[in-house]
**Student:** 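Below is a structure I'd like to ask you about.
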Amino acid sequence: AFLHYDPNLEDEYMIQEEEWDRDLLLDPAWEKQQRKTFTAWCNSHLRKAGTQIENIEEDFRNGLKLMLLLEVISGERLPKPDRGKMRFHKIANVNKALDFIASKGVKLVSIGAEEIVDGNVKMTLGMIWTIILRFAIQDISVEETSAKEGLLLWCQRKTAPYRNVNIQNFHLRKASVDDPLGNINLAMEIAEKHLDIPKMLDAEDIVNTPKPDERAIMTYVSCFYHAFAGAEQAETAANRICKVLAVNQENERLMEEYERLASELLEWIRRTIPWLENRTPEKTMQAMQKKLEDFRDYRRKHKPPKVQEKCQLEINFNTLQTKLRISNRPAFMPSEGKMVSDIAGAWQRLEQAEKGYEEWLLNEIRRLERLEHLAEKFRQKASTHETWAYGKEQILLQKDYESASLTELRALLRKHEAFESDLAAHQDRVEQIAAIAQELNELDYHDSVSVNDRCQKICDQWDKLGTLTQKRREALERTEKLLETIDQLYLEFAKRAAPFNNWMEGAMEDLQDMFIVHSIEEIQSLITAHEQFKATLPEADGERQAILSIHNEVEKVIQSYNMRISSNNPYSTVTLDEIRTKWEKVKQLVPVRDQALQEELARQHSNERLRRQFAAQANVIGPWIQTKMEEIARSSIEMTGPLEDQMNQLKQYEHNIINYKTNIDKLEGDHQLIQEALVFDNKHTSYTMEHIRVGWELLLTTIARTINEVETQILTRDAKGITQEQMNEFRASFNHFDRDESGNLHYDEFKACLISLGQVGNDRQGEAEFARIMTLVDPNGQGTVSFQSFIDFMTRETADTDTAEQVIASFRILASDKPYILAEELRRELPPEQAQYCIKRMPPYTGPGSVSGALDYTVFSSALYGESDL
């Protein structure tokens, strides 16, 4: 069987009001189960006092057995009971029991002594359940869970190893197993026989009831918990004894292991020391090498494990002593001679013997090695010398110097000097070979005969090499002196031919060099330099003759001594044919250069005439344009008469400027001729054609702009009714603050003007008002105010101009004070063209009181002055 857990069930079984006030009736099946279970549970404890109950609601009515039950299960004494048989005696006893229960922290709700005395089954069972919870279940706690959860967790852990068992709560249901009734009866019989747990439930009630009483099940299961809890205490005691014995056995094993390892290690040391102390030398090198190899095996293979055993022995001893001290056992005392200090002493003697043995082996090997080393050293040095000397006689007998040049001969001489140095360096080796051979003879080397023969051959060859070396040096030095004479001539030729060749190449390059000049002075300078060059030609021809004579002298020496050497000059790549060819080329290029320079001189004279012709006109036109610009600027500032007179004067200026255009065109023609002649500079004037063009265009623009400004002023005057006197005052104010006479007022100048006129104040509010005015007069943010913008602002501020509000008020009069106007009213009050203009552009009126065809004159009027999005 297995139990199913419902997560929605309440787990707080210690709160009585939620258990016994929920309803006044108890399920008959549950009541039967609780009667039997609770009765059996009470008897399991009352029998310890030599009594029991038969009827749970009757036997607790006088309170005596109830108090006895509480004393048994709590182990505490309750107040002395009343022995009377009257009802108040019984109530007093039951109250004493209930007070004791309450003193244990149990809150009793709806359970009174009168109900128990009256034999109320529901209350009696509830009281017993409270006692069971408090004294049998409440103290059950597994991993800090509540009483019920702890009991459930204990059941789950105890049944976890069994298959087909899955306990989730204390509500049992039938499991899919054979004979569940027999299984439950068997379990209860075993519990009663072996665990002394009485049979508190009937198997039939559990199997045949759809939902057995949970309290009955929990009461019965709690008995198992307490039974097994006692068994676990016994098991814990047994485990403690086993642990103590195991520690003692392990300590004894470690002691025996120490004794065994110590004995084996000391025995090995005893056998090894005599072997290391044996110093009997061997007669052969091979035998001594064998002893050394045996010693190496000892150090590499045999000793390292013993080092580990010694270390492990010390570790085991320390570990054993620590375990004995921790377990309160007496310290371990090894057998005599097997202490750690004894082992350390034996090991020290072993290492001392080992050190002396190794030194002795090495000394013996060195001694036997000496003779073999000397013989091998002789063989190596003799082989090295013989390898070095091989072929040296044939090299010294060569006559390669007879056909060598001076450079090659000197290389041979340097090579021979290197050989002589090498020969001298080998002198020491030959002496060492002879000394080693003598030592081997003195030590009676077994193969001294072959050593002596080889040494003699080496000495004889050494003497011969010395003689041949001296003869070759003499021959090389004689040939060197002869070649030095030829070399000096070659060198002299090279020193003079190379500069002369470079001079001719430079001369040809200069004579053929392209030149670009821009003035008569520059071409005149080139002609002067060319004349100076022609003056150096006789001296150059003399140098050419001297170089040719050196070459002829070289040819003469070679022929005189019948030398088998090449006539090519090793110091120079310049040949006589090159010198002759280049000299002829220089003589041909000189007259060609003369002609080109004269032609360029004529061209520069022509260019100079063009420069002067252009400069004469430009020096007149440039100042004329500047003068006109100044006159126009001055007139725009100084003119104070009627605007019509100013306009007439400006028109006359414009007429004169347009008539001057023929001079500009003529200057353009001269400039074209200069450009075609590739003349890019003109020292006779500071004016360029571009300057003239820009000045001319600026002059035309300025006169046009000035005329436009006067025309605009006339339009403004006529549109706003400004008198000439007012216009003159505006001009006077503007000119007064235009201190740099630029024709525009800068930021500070305009602000000073407004302050003087009282338009703005010199405070924070004045700054804000000035910023607003600047957005009107300088909408593009250029930082300056023109005279026209100044007039617009002044007339806007002083003249009586229409506003959007005034137009709206006028439309309101035509509309008879309505917020809208009709098309018929517009046609009646305005001329046809203007009425149609308004009708076409006025948006429909959508405000309060709107009628069909209503037009919004307010939005229309605001749009006229840029105050809406229309």
Side-chain angles (χ1 to χ4, degrees), residues 284-286 288-289 365-487 490 558 561-568 570-571:
T284 63
M285 184 70 174
Q286 291 76 10
M288 291 304 298
Q289 289 285 0
I365 289 174
R366 291 190 192 98
R367 185 183 65 81
L368 293 174
E369 197 178 34
R370 177 62 180 167
L371 275 176
E372 185 62 32
H373 171 72
L374 283 174
E376 181 62 25
K377 187 175 181 180
F378 175 83
R379 287 190 292 269
Q380 289 180 357
K381 286 185 175 294
S383 297
T384 301
H385 177 79
E386 290 167 351
T387 301
W388 173 83
Y390 180 77
K392 292 293 189 296
E393 293 182 18
Q394 288 74 13
I395 293 174
L396 293 173
L397 292 172
Q398 289 179 355
K399 294 185 178 181
D400 48 354
Y401 51 83
E402 292 181 350
S403 59
S405 63
L406 179 60
T407 303
E408 293 171 342
L409 183 69
R410 286 175 175 170
L412 291 174
L413 190 58
R414 300 292 89 76
K415 185 177 180 180
H416 187 72
E417 290 174 354
F419 175 78
E420 289 177 333
S421 298
D422 192 22
L423 187 69
H426 280 73
Q427 176 69 33
D428 184 60
R429 180 186 293 130
V430 174
E431 293 175 355
Q432 290 178 4
I433 292 172
I436 293 172
Q438 183 179 356
E439 187 174 357
L440 287 173
N441 284 318
E442 292 174 353
L443 295 175
D444 195 19
Y445 181 59
H446 66 90
D447 196 18
S448 58
V449 175
S450 61
V451 170
N452 293 335
D453 290 342
R454 194 172 185 181
C455 181
Q456 187 61 45
K457 290 180 181 179
I458 289 173
C459 292
D460 293 342
Q461 185 188 37
W462 181 256
D463 294 338
K464 187 175 182 181
L465 288 175
T467 301
L468 293 175
T469 299
Q470 182 62 30
K471 290 181 179 180
R472 181 171 176 83
R473 165 168 280 281
E474 294 172 355
L476 290 172
E477 290 177 346
R478 286 194 304 268
T479 307
E480 181 186 23
K481 292 180 180 179
L482 182 61
L483 290 176
E484 280 180 350
T485 302
I486 298 174
D487 189 71
Y490 277 150
I558 293 175
Y561 292 95
N562 295 321
M563 301 184 70
R564 295 182 299 167
I565 61 174
S566 174
S567 60
N568 294 330
Y571 301 109

**Student:** Roughly how far, to the nearest 0.5 Å, is NZ of Lys392 from CG of Leu468?
**Tutor:** 13.0 Å
**Student:** A side-chain contact here means heavy atoms from C-beta on lying under 4.5 Å apart; do Ser448 and Leu440 qualify?
**Tutor:** no
**Student:** Determine, step by step, whether Lys471 and Glu474 satisfy the salt bridge (charged side-chain N to carboxylate O under 4.0 Å, His left out) criterion, reporting the C-alpha distance in whole Å, the side-chain angles of both residues, the deciding distance to 0.1 Å, and the verdict.
**Tutor:** CA-CA 5 Å; Lys471 290 181 179 180; Glu474 294 172 355; over 6 Å; no
**Student:** Determine, for Asp400 against Arg472, whether the closest basic-nitrogen to carboxylate-oxygen distance falls under 4.0 angstrom.
**Tutor:** yes
**Student:** How long is the span from the CD atom in Glu477 to the CZ atom in Arg473, to the nearest 0.5 Å?
**Tutor:** 5.0 Å
**Student:** To the nearest 0.5 Å, what is the distance between CD (Glu439) and CG (Leu374)?
**Tutor:** 4.5 Å
**Student:** Do you see a donor-acceptor pair shorter than 3.5 Å between the side chains of Gln427 and Glu431?
**Tutor:** yes
**Student:** Would you indicate whether the side-chain heavy atoms of Glu480 and Leu476 approach each other to under 4.5 Å?
**Tutor:** no
**Student:** Could you tell me which non-hydrogen atom of Leu465 sits nearest to which non-hydrogen atom of Ala389, and how far apart they are?
**Tutor:** CD1-CB, 4.4 Å
**Student:** Is it true that Glu484 and Lys481 have a side-chain N and a carboxylate O under 4.0 angstrom from each other?
**Tutor:** no
**Student:** Show the numbers, then the answer: is there a side chain to side chain donor-acceptor pair (under 3.5 Å) between Gln456 and Asn452?
**Tutor:** CA-CA 6 Å; Gln456 187 61 45; Asn452 293 335; over 6 Å; no
**Student:** Would you check, one step at a time, whether the test side chain to side chain contact (heavy atoms under 4.5 Å, CB included) holds for Gln461 with Glu386?
**Tutor:** CA-CA 10 Å; Gln461 185 188 37; Glu386 290 167 351; 5.5 Å; no
**Student:** Identify the heavy atoms of Ala382 and Ile458 that sit nearest to each other, and give their distance.
**Tutor:** CB-CD1, 3.9 Å
**Student:** Answer whether the closest heavy-atom distance between the side chains of Gln394 and Gln398 falls below 4.5 Å.
**Tutor:** no
**Student:** Mind checking the CG-CZ spacing from Leu412 to Phe419? Nearest 0.5 Å is all I need.
**Tutor:** 14.0 Å
**Student:** What closest approach, in Å, do Phe378 and Ile436 show between heavy atoms, and which atom pair accounts for it?
**Tutor:** CB-CG2, 3.6 Å
**Student:** Holding to ring pair (Phe, Tyr, Trp, His ring centres under 6.0 Å), I want the full list of residues that pass it with His385, two or more places apart in sequence or in another chain.
**Tutor:** Trp388, Trp462
**Student:** Within the side chain of His416, is there an N or O that forms a donor-acceptor pair under 3.5 Å with the backbone of Leu396?
**Tutor:** no
**Student:** Does the distance from a Lys or Arg side-chain N to an Asp or Glu carboxylate O, for Arg414 and Glu417, drop under 4.0 Å?
**Tutor:** yes
**Student:** Can you see which heavy atom on Cys455 is nearest to which on Ala434, and at what distance?
**Tutor:** SG-CA, 3.8 Å
**Student:** Which distance, rounded to the nearest 0.5 Å, do you find between the CD of Glu420 and the CD of Gln470?
**Tutor:** 7.5 Å
**Student:** Scan for salt bridge (Lys or Arg N to Asp or Glu O under 4.0 Å) pairs involving residues 456-467, sequence neighbours excluded, and state none if there are none.
**Tutor:** Glu393-Lys464
